[in-house]
Structures are given as structure tokens and as C-alpha cells.
Amino acid sequence: MARWCYRHRLVVLLLWVGALFGLGAAGTSAGTNYADVFSLPNTDSKTAYDLMAKAFPERAGDTDTVVWKVEEGSVRDQSVRSRIEPVLKEIGAMKGVGEVTDPYGAQGAAQISEDGRIAYAQVTFAEQANAVPKDLVQDVVDTAEHARGDGLQVELGGQAITRVQEPPTGTAEIVGILAAAVVLFLAFGSLFAMLLPILVALFGVGTGVFSTTLISHVTNVPELASLLSTLIGLGVGIDYALFIVTRHRKGIQRGLDPEEAAVTALNTSGRAVLFAGGTVCIALAGMLVTNLRFLDGVVIGTSLTVVLSVLAAVTLLPALLGLLGHRVLSRRQRRKLAANGPDTDRPSGLAARWSATVERRPRTVAVLAVAVMAMLALPLLSLRLGTVDQGNDEASSTTRKAYDLLAEGFGPGFNGPLQVVVKGDAGASLVTSIRRTEGVAQAASAPPANGVTVIQVVPTTSPQAKGTDELIDTLRDEVIPDAGVEAHVGGVTAVSKDFASVTADRLPYFIATIIGLGFLLLLIAFRSVVVPLTAALMNLIAAAASFGVLVAIFQWGWGLDLLGLGKEGPIAAFLPIIMLSLLFGLSMDYQVFLVSRMHEEWVHTRDNARAVRVGLAETSRVINSAALIMVCVFLAFVLSGDYGAAMAGVGLAAAVALDAFILRTALVPAAMHLLGDANWWLPKGLEKRLPHLAVEPKEEAVPATAAPSGGPASAVHGFVRTADGEPVEGAAVSLLSAGGRQLDRVESLADGSYIVSVPAPGTYLLATTVPTYGSRARHVVVGEGPLVYDVELVEGEVDAVN
């Protein structure tokens, strides 16, 4: 497929351009039909909502507020009333608005603050916030804001209002792409090579988002799906293309022509991309086991974007590589290739030195890595899930200003009132008991209707405060049972608390599902029990540390001022499921790319130390570059202005950084060095039953090879010496076939001489291992006669052969 796409590059490019613009035109003309269907069956707050919807259909919808404040005088002054009352009357007449209660009616005295400077009106829509048309909400906002000016401040708050106050989209994405472009240019040194991953990601994300828009017309897809599709699509799209382009460039530098280099890159890194994309989709699908139906649309949208990003990487990318040819290298690299010939492609620099350090001191590296991750995970012990309210909105937004005005005039708990919904007559005793309950600022009962009574309860604490959660528990577990009536606690704050409880209860099943599926995939791919066990443990460590960082920043408030994200509060209840899905998928990507190269070397040499050292040396740089790009993309969502998106962005950025820079670069290779050959252990009975799924090809073509001709036996002989020319005694010299089978093995004599027998002319791998010097391996081409080949060993050298 890679060769076909390379040779028919114009056709492939036109197909992708046509798909992007076709889906874009269809999605634009059809429009979005996102449906934020949110339901928590079998919860106390849902029962309360159902009773209210039946008894008070005009009040069952979302309730938002219009708040105003005067600089001088009182809100009761005729000059203020003459400006506010016509506005409220106009809002109340709008289709879709169920009721408007203002402070100027007979029962409105409680809606004016004690000092008379702040008042509010409640606007109750006919639908819940996620179902209220945005056009209607915008009309309400525009109408209310007409009364502003001349010493009168008018602000609006509520869930429906929040939906139309969201900042313009696109800023975070643009900043993330620009940051990724800088990292790619520094990694490649070539403008064309830098553009390739970005183009591939844009095609994948574009087709994915437009497809999700169309799917929203046939099934329930929340708006959150669009944000997460963009977030994850940009990250994985750029990363997948980066891995393939890096392998392609190495192939050209090793002397392959561009077409063969592209085919080889897709046959190696491309296979890993397919496998990694599958693991991300499986991790996302793990959200389905939570039985939270509003997440189904999120799974559909994000998984579709990942699939299209993978498809772009394995089809569009080879076509683009065909258009560029040698220009995928920088000018300096092209001049070097023309002047010096093919590169030996031996890892060098910081990556090679670090890989050798990990091999020499695996225990020290492992202990330090575990200590760092444990320290970062400590804040997790105080994790509290909840809801972020409008007090976390941007200070200049009308929702934040309305929140602050209500807190100033009526107390912090006024922003999150509770509704105690009683089936039947509440009775004076229940209202009295609620008023006497610690944490209650005020409680008032509305006249019963259709056999249902609603008691409005205002806490003394803010909606996201721990005291409010404790008050809800007290009402449910003590006050209501003692009153001997059937009652349920509802309201937005109670719904958020129930959501956090449901999430916490189902989280263990979710984690077990995605870890179990990931274990099975890695077990089949790498034919090992230890490798997937190690991956599962690392995923849990990464999750714990990243949530520890989240708690420290957003719950404890460390660094919130630097991020410009308001005040501290609980961690959003929806975040663990969504973040863990993405984290487990992305961390599996890095595990696959790292271990697939190690496994490839293990198959060829059966030397675990060499396999781990070479795999780390060859992949750590590209993994770290990919992680840095992902961190830039995720952190850019801090600029989105959405507190929840910023929280998800910071959490995922921390998770990816810790996973790539500490776990995959230090702890995983250190652990694999300590485990030795046990890394690749698989029971024989299990080996026979497992299906074969190769992440890497069985063999990779080597430049300048000569196929075995079945001629007479020959030999390779020479001397093993140090860089100073001193002979090395006892060096293990092994001759291996291209498939990794050992053909002969000897030890060098006192003068450093060795000789291994060769069954027939052809290309072989000659590996030399000495404990004090490490390993050295080279492909050798043996003709009709013996081949003289001297081996020079360098202490601490890291050597690799593809």
C-alpha cells in the first residue's frame, strides 16, 4: 500500500483534498446538531428533577439570573425600575422562556440585597441548559445588556448563559500548531520535513471534525466531542507522522532511494502507528463501560478522528514523501550525503550516552524515577471530585461578574441553591429542620402544585465548597429521614455531586477494562507476559502522578495565578474518565514505539541488554520530540478561556511529559535491564494459542546485501582489539542470520583472534560482546572466500543495526 501511495501520489493527494473539502462543505451546509444529553439515572437528584418536571413544567428547565447593581441610590428607585422592568417583560415574552420572577413583585423582596444596591431576576427556560437554543440565550443576553450604563451594572449568570459566553474557537489550536512547528523544525532542520506532520494532522483532524458534525445529525454527540477530537487529533496526528518521517529520513541517510525508504518506514514505523492508533481507540472505547450514555458521542467523535489521523499517516504521508523526494532532508544533510555517502546510522550524542548510563546504573535510575513520580503523586491522596462553578470563569466575563455580584449581595451559597423536592405536603416541621441545619443560610417553601412541594435551600458556602457537599449528605441522610417524608435533594449542585459519586464508583471498572485490553494487545504483539505487565504498571504510575499535579495546581491553587485561571476548587468530575482514556492511549503509543524497536533487536540478537540499549538510544529522541509537541498542543488549550478545557490541557500535558521524559526514557528501560531475559518470557502453552500480530516486519532490507546463493561454506576471521590496538581476550563473537538465528559462536583468543564458520555466501550479522565494553554489531557480506573482519571496541559505546 505504501508503494502504491508513493507512486500514485497525485491521485492520493487529490482524494484527500476532495474528502476534506467535501466533508467540510457537507458539514457547513448541514450545520451542527450537538445534543448535550446528560442524565444520571437512579440518583437522588434525577428523581428530584423528574418530580419537578411533572409538577412544575414551566420551572423544570434551566434557571439563569439577570443581576444588576447601582453605584448610588437603590435598585427600588423609579429611574432603575423604568429601565429594568421593560427588559424583564420582553425576556418573559420570548418563546422558550417559561417564567421570569423579578424583585418588584409581591413576593420579590427577598431578591433585593439588604443594602438595596443589588437585585436579581430569575429567568427559567422551558428546557435544560444543554437543550436551550443558543439563539434564544443570545437574545436574552442582548436584551438585558441594553439596560446597562449611567451607573447601572447589568450582568447575567447561569449554565445556559455560559454556553453563549464561550470565547472564539481556534486560538488554542493555532498556538498549539505553531509551537509544534517550532519543535519539528528544531528536530528536522528542514522546512519541508516540518510541514509534513502538520499537514497530515490537519487533514486527519479536519476530516474527523467534519465527520463528527455530520454524525451529530443521526445520534447524540455533545459539543465536548468536538473539543476533544481536535485536542487528541492534533496530538496523535503530528506524533504518528513524526515517527514515520523520522524513519524515512534515516533510510535515505543510510543510502536507500526515497521510494524504498518510504516503503521501509511504513513497513516498520507505519505498523507501529496502526497498532498505536488501535490502542488509543480501545482506550477511548473503555468509556463505554461507565454506562454514562452522554459519553457515547465523545467516544464516536474522538475515535473517528484518531482512525482518520492514522489513515492519513499511512496513505497521505507516503504520497507527500513522494512529492518531496530528497528534499525531506535539510540542505546540509543532502550535501553531506552527496559528499560522504550513506551514513552508518550509529546512535550517538546525548541519547546514546543516556542509554549507556541506564545500562550501567539501572537500579539508581529506577529508584530516582520512582521517587520523583511518587512525590508528584502524593497530592492525589487529597483528590476531591466536584464541579467548577462560574466563580472560576474569566474575570471579565459576564457570568463571573454576575457570580461575584450575587455572592456580594446574598452570600456565596446563593450561586448554588438546592431544591428539596417533597412528594406531597412538606409541612412546617421539615422547613424548620432545614433552617436549623448547620450550613443553611436560608430556606423557603413554595406553594405545592400537583402533589409536589419545593423547598429552596441556600447554603452558607459556595457550590464547589466541601461544606456544600457535606450539607447535601446531611439533608439526605439525617434531616429528611427524621422528618418522615418522601423528599429528594436536587439542583445543579446536587447533580454535580451525584455525578462525582457515580464517576468515582465506576472508575475502577473503567481502569480495569482499559488496562486489561491494553495488556492483551501487548501480549499478542510482543509475545511476552512481562512487557504488558510493565506497561500496565507504568500507566498507573503516570496516571497517579499526573492527577497529583492536577490536584496541586487546581485544587491547592499552586501556580493558578501564573496560568490566569482564577481560584482553586475541586477537580471536575468528568475529567478522570476522559483524561485516563486519552492518557492510557497515548502512553501505550510511546510504549509500542519504544518496545517494538527493542523487540526487533531482541529477535535479531537474543541479547536483552543490547536490545534495551539500542531501542532506547534509537527511539528516545523521537519519543521526547513527539511528547514535547503533544505538551505544546495540550498546554495551548489553557488559552481557550474555558476552565474545564484548561484543566484537561494541563493534566494531559503533565501526563505526557512525565510518561515520556521519566517513565519511557528512564524507568521502563531501567526495569527491563534489571529483569533481563525475563522480559521476553512467554509460557509455551500460551505461545501456541496466541494469534500472531507483528508490530514490526519479520526482516528489514539492508543496503548492499547479497542473497545467499547456496554456495560452499566459508568463514569470517580477524582480531578483536580496543581503540588503542590492545587485543581483547574472551570476547563473545556470534554470527547470526538476517532473521536472528545464531549460526556460530566463539570466544577470542589471547591475541584477540577469532574465526566463525559461514554456511554460504550472503549477508550476516556479526555481533561481539564484552562485559566491560558492551556490544558491537555489524552486517557483513561474505563472498565465495573467507572474509577478514577486525572488530574495534570502544568502552561505553552504543551500537545498533537495523
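The basis for the numbers below is simple: all heavy atoms, side chains too, and nothing from hydrogens, waters or symmetry mates. We count residues from 1, following the sequence as given. Computed from a predicted structure; not experimentally measured.
- Taking a 6.0 Å sphere around CG of N42, one finds it holds 12 or fewer heavy atoms contributed by other residues, nucleotides or ligands.
- Listed for the Q111 side chain is a donor-acceptor partner under 3.5 Å among the backbone atoms of T101.
- By the 30° and 60° cut-offs, the orientation of the rings of F410 relative to Y120 is perpendicular.
- By the 4.5 Å heavy-atom criterion applied to side chains, L308 and S211 are counted as neighbours.
- Between the side chain of R506 and the backbone N or O of I577 there is no donor-acceptor pair closer than 3.5 Å.
- Taking the side chain as every heavy atom from C-beta outward, V87 and V154 never approach each other to under 4.5 Å.
- When atom types are taken as modelled, the side chain of D44 and the backbone of H488 share no donor-acceptor pair closer than 3.5 angstrom.
- Judged by distance alone, with hydrogens and angles left aside, the side-chain atoms of T162 form a donor-acceptor pair with the main-chain N or O of G158 at under 3.5 Å.
- Applying side-chain contact (heavy atoms from CB on, under 4.5 Å) to P459 and the options L471, I472, T493 leaves one that passes, L471.
- One distance of note links CG of L88 with CZ of R81; it measures 11.0 Å at 0.5 Å rounding.
- Remark: the S113 side chain and the D115 side chain contain an N/O donor-acceptor pair separated by less than 3.5 Å.
- Within a 6.0 Å sphere centred on CH2 of W558, heavy atoms belonging to other residues, nucleotides or ligands number 12 at most.
- Judged as a ring-ring contact (aromatic ring centres under 6.0 Å, His included), and not counting sequence neighbours, Y403 has no contacts.
- Here the side chains of L405 and E408 are in contact, with some heavy-atom distance below 4.5 Å.
- Residues T453 and S445 meet the side-chain proximity criterion, which asks for heavy atoms closer than 4.5 Å.
- T28 contributes no side-chain N or O that, together with a main-chain N or O of A25, makes up a donor-acceptor pair within less than 3.5 Å.
- Rounding to the nearest 0.5 Å gives a distance of 10.0 Å between NZ of K46 and CG of L51.
- Here the side chains of L202 and I177 are in contact, with some heavy-atom distance below 4.5 Å.
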**Report entry** Test log, rule side chain to side chain contact (heavy atoms under 4.5 Å, CB included), inputs F125 and V97
**Finding:** CA-CA 4 Å; F125 293 97; V97 175; 4.1 Å; yes

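- Counting only distance, with no hydrogens or angles, the side chain of R476 and the backbone of V489 share a donor-acceptor pair below 3.5 Å.
- Here the CZ-CG distance, from F210 to L304, works out to 13.0 Å after rounding to the nearest 0.5 Å.
- The number of heavy-atom neighbours closer than 6.0 Å to CG of D150, taken from other residues, nucleotides and ligands shown, is 12 or below.
- Looking at heavy atoms from C-beta onward, Q419 lies in side-chain contact with Q456 at the 4.5 angstrom threshold.
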Query - Step-by-step side chain to side chain contact (heavy atoms under 4.5 Å, CB included) determination, T43 to Y49 - result: CA-CA 10 Å; T43 58; Y49 170 77; over 6 Å; no

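- Side chain of R117 to main chain of K69: no donor-acceptor pair is present (N/O by atom type, distance under 3.5 Å, no hydrogens or angles).
- With T398 contributing its side chain and L156 its backbone, the two residues share a donor-acceptor pair below 3.5 Å.
- Put simply, the side chain of I161 reaches to within 4.5 Å of the side chain of V141, judged on heavy atoms.
- Residues satisfying the side-chain contact (heavy atoms from CB on, under 4.5 Å) test with S309, not counting sequence neighbours, are V236, T305.
- Looking only at side-chain heavy atoms (C-beta outward), I84 and L152 come within less than 4.5 Å of each other.
- Between the side chain of S229 and the main chain of V209, no donor-acceptor pair closer than 3.5 Å is present.
- The backbone N or O of V67 sits nowhere less than 3.5 Å from a side-chain atom of T65 that would complete a donor-acceptor pair.
- Using a cutoff of 4.0 Å between basic side-chain nitrogens and carboxylate oxygens, R148 and E155 are scored as salt-bridged.
- Between D473 and K497, at least one side-chain N (NZ, or NE/NH1/NH2) sits under 4.0 Å from a carboxylate O, which counts as a salt bridge.
- Taking CG from L550 and CG from L383, the interatomic distance works out to 9.0 Å, rounded to the nearest 0.5 Å.
- Shown here are the side-chain contact (heavy atoms from CB on, under 4.5 Å) partners of V479, two or more places apart in sequence or in another chain: L430, S433, I434, T437, T474, L475.
- When L214, N220, V221, I215 are each tested for a side-chain contact (heavy atoms from CB on, under 4.5 Å) with V218, only one passes: I215.
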